[in-house]
Amino acid sequence: MGWLFSKHETCPIDEDDAILLVDAETESIPCTDADGNPLYYCFEGEHTFSLEADEDWGRSKKRR
């Protein structure tokens, strides 16, 4: 299955690895905020954040 969003990003706050959050039942539907932007979980800061389309998804410095 192709993803519309990058599975891994760099947190803009902690500048550490973050992973795309997905629906627990399907494990394939990305979780999004109220505006439809993908939600990521930051491992360093233990928080979630979203990225807007114009923030260059998939071009993070620390992308795996």
Side-chain angles (χ1 to χ4, degrees):
M1 173 180 190
W3 290 91
L4 297 175
F5 314 115
S6 175
K7 292 182 185 179
H8 300 272
E9 285 291 340
T10 299
C11 175
I13 298 168
D14 297 308
E15 297 184 356
D16 206 356
D17 293 332
I19 191 165
L20 180 66
L21 294 176
V22 296
D23 175 69
E25 288 184 26
T26 65
E27 295 183 359
S28 63
I29 301 172
C31 295
T32 58
D33 65 10
D35 296 323
N37 299 314
L39 288 173
Y40 291 87
Y41 177 77
C42 173
F43 294 105
E44 178 68 25
E46 298 180 347
H47 61 93
T48 60
F49 64 93
S50 64
L51 293 178
E52 293 183 15
D54 62 354
E55 291 188 50
D56 253 351
W57 287 327
R59 296 188 182 222
S60 296
K61 294 181 283 186
K62 293 185 178 181
R63 189 172 166 214
R64 288 184 187 170

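Since we're looking at a predicted model, the values are computed, not measured.
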### Summary
Between Asp14 and Cys42, the two heavy atoms sitting closest are OD2-SG, 3.3 Å
### Main-chain N/O of Asn37 paired to Asp35 side chain as donor or acceptor, under 3.5 Å
no
### Task
Give, for atom CG of Asp33 and atom CG of Leu21, the distance between the pair rounded to the nearest 0.5 Å.
11.5 Å
#### Entry: Over all atoms of both residues, closest heavy-atom pair of Ile19 and Phe43
CG2-CZ, 3.6 Å
### Summary
Heavy-atom closest pair (Ser6 atom, His8 atom, distance to 0.1 Å) is OG-O, 2.6 Å
### Task
List the atom of His47, the atom of Ile13, and the distance in Å for their closest heavy-atom pair.
CE1-CD1, 3.8 Å
### Query
Between Cys31 and Asp23, what is the shortest heavy-atom contact and its length?
SG-N, 3.9 Å
### Message
If you compare all heavy atoms of Ala18 against all heavy atoms of Cys11, which two are closest, and at what distance to 0.1 Å?
### Response
CB-N, 4.4 Å
